[in-house]
> 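Before I ask anything, let me first share the structure, which is written out below as structure tokens.
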Amino acid sequence: MSEYVISLRNIVKKYYIGQPNELEILHNISIDFNYGEFVSIVGESGSGKSTLMNIIGMLDKPTSGEYIFRGENVADYSSARFSQIRSKDIGFVFQNNNLIQRNTALKNVELPMMYAGVRRAERRERAEMLLEMVGMQDRCLHRPNELSGGQNQRVAIARAMANDPSIILADEPTGALDSKTSQTVMEIFHYLHREKKKTIILITHNPSLAEETQRIISIKDGYIIADEKCNS
């Protein structure tokens, strides 16, 4: 096993390359993420934190620099390998939850397993178990428009866990929620970290939520300006 689950080395991300309006969003970012760590990345809107999250989640590629995933340089990966990692190894939770409106909570959680080729009976059983884990078993046949924002986000977390990924990337998962509901969502992340031993990387603009994690990485104008351990 490599020392770190993810290592970023001198990551640069540019847009409009070679054009007069060329824009560099991330500047020589170097970070290591430990196995089983609960980390938050904090910064104001426009700081580059979501761009960084997209690179960490292999949804986008850096312009330059190295991304080492479990000891392997992802520059050597095929498109199929990227897709496999996003399906099996990384679970995503977004601010707007990205649930499919016409599907029930149960079907939304089943969907990643269907794409992964899991048999129908097995994926239904696991989806029910995951919805129970996040306290949504009694709402499993409800559609997103029949659920509150916090309930939808709990379904989204269950969906992120569908293929039992080792890493969960959460981009502003509480951004649209009130403080009480945000805390309920955070308690689920703490459970997944503590009991399921998941590596969790949380993007947030909320300092109080960040302080609940083991480590806070602060980003400003595309630069890492602080990387501090927490007492949590």
Side-chain angles (χ1 to χ4, degrees), residues 4-6 31-43 49-50 52-59 85-99 105 108-109 112-113 126-137 139-140 144 147-219 227-232:
Y4 301 109
V5 62
I6 292 171
I31 317 172
D32 296 315
F33 296 98
N34 297 304
Y35 287 89
E37 191 174 29
F38 193 170
V39 187
S40 54
I41 300 175
V42 299
K49 60 186 188 298
S50 289
L52 178 59
M53 175 66 86
N54 286 339
I55 289 174
I56 293 170
M58 302 185 196
L59 299 169
I85 289 174
R86 289 194 301 265
S87 172
K88 298 288 184 68
D89 295 288
I90 302 175
F92 297 91
V93 181
F94 300 99
Q95 179 175 343
N96 63 358
N97 67 65
N98 288 358
L99 297 175
N108 267 288
V109 178
M113 292 181 276
R126 178 163 175 78
E128 289 174 345
M129 181 271 290
L130 289 168
L131 286 168
E132 182 176 3
M133 182 188 74
V134 298
M136 288 295 293
Q137 66 272 30
R139 298 284 191 272
C140 67
L147 301 172
S148 69
Q151 289 171 332
N152 277 320
Q153 203 59 295
R154 283 191 268 168
V155 173
I157 295 171
R159 182 187 57 185
M161 288 291 296
N163 290 321
D164 197 22
S166 59
I167 302 165
I168 297 175
L169 302 185
D171 191 356
E172 296 283 9
T174 64
L177 306 177
D178 61 59
S179 57
K180 183 178 179 181
T181 309
S182 295
Q183 196 54 52
T184 300
V185 169
M186 283 298 291
E187 286 169 5
I188 296 172
F189 285 127
H190 285 301
Y191 169 80
L192 293 174
H193 171 246
R194 184 181 64 250
E195 302 298 331
K196 302 297 184 180
K197 312 302 181 188
K198 302 301 179 185
T199 302
I200 301 178
I201 302 173
L202 171 74
I203 291 274
T204 183
H205 65 273
N206 187 328
S208 64
L209 294 183
E211 287 170 4
E212 294 186 28
T213 67
Q214 295 175 316
R215 177 180 162 206
I216 301 176
I217 297 168
S218 300
I219 185 169
D227 187 345
E228 304 168 311
K229 296 283 187 182
C230 294
N231 295 321
S232 58

> Arg86: which residues meet the side-chain hydrogen bond (donor to acceptor under 3.5 Å, both in side chains) condition with it, sequence neighbours left out?
Ser83
> I'd like to check the side-chain hydrogen bond (donor to acceptor under 3.5 Å, both in side chains) partners of Gln183; sequence neighbours left out, ordered by chain and number.
Glu212
> Could you list the residues that satisfy side chain to side chain contact (heavy atoms under 4.5 Å, CB included) with Ala105, not counting sequence neighbours?
Leu131, Val155
> Looking at residues at least two apart in the chain, or sitting in another chain, which of them share a side-chain hydrogen bond (donor to acceptor under 3.5 Å, both in side chains) with Thr204?
none
> Kindly indicate whether the side chain of Gln214, heavy atoms from C-beta on, has any atom under 4.5 Å from the side chain of Val39.
no
> Side chains of His205 and Val42, heavy atoms from C-beta outward: is any pair under 4.5 Å?
no
> How long is the span from the OG atom in Ser179 to the CE atom in Met186, to the nearest 0.5 Å?
13.0 Å
> Listed by chain and number, what are the side-chain hydrogen bond (donor to acceptor under 3.5 Å, both in side chains) partners of Asp171, not counting sequence neighbours?
Ser50
> Less than 4.5 Å apart, any side-chain heavy atom of Lys198 and any of Met161?
yes
> I'd like to know if the side chain of Asn206 reaches the main chain of Ser208, judged simply by a donor and an acceptor atom lying under 3.5 Å from each other, with no hydrogens or angles considered.
yes
> In a check of side chain to side chain contact (heavy atoms under 4.5 Å, CB included) between Ile41 and each of Leu202, Ile216, Leu169, Ile56, which one passes?
Ile56
> Got a sec, which pairs hit side chain to side chain donor-acceptor pair (under 3.5 Å) with one end in residues 149-160, sequence neighbours left out?
Ser148-Gln151
> Side chains of Ile6 and Ile167, heavy atoms from C-beta outward: is any pair under 4.5 Å?
yes
> Quick one: salt bridge (Lys or Arg N to Asp or Glu O under 4.0 Å) pairs with a partner in residues 177-188, sequence neighbours left out?
none
> With sequence neighbours excluded, tell me which residues meet salt bridge (Lys or Arg N to Asp or Glu O under 4.0 Å) with Glu128.
Arg124
> Decide yes or no for His193 and Glu37: does some side-chain heavy atom of the first lie under 4.5 Å from some side-chain heavy atom of the second?
no
> Can you check whether Thr199 reaches Phe38 side chain to side chain, under 4.5 Å on heavy atoms?
no
> Can you list everything that forms a ring-ring contact (aromatic ring centres under 6.0 Å, His included) with Phe33? Sequence neighbours excluded, please.
none
> Asp227: what forms a salt bridge (Lys or Arg N to Asp or Glu O under 4.0 Å) with it, not counting sequence neighbours?
Arg215
> Run the side-chain donor-acceptor check on residues 89-97: report pairs under 3.5 Å with partners two or more places apart or on a different chain.
residue	atom	partner	partner atom	Å
Asp89	OD1	Arg70	NH1	3.0
Asn96	ND2	Asn98	OD1	3.2
Asn97	OD1	Leu99	N	3.0

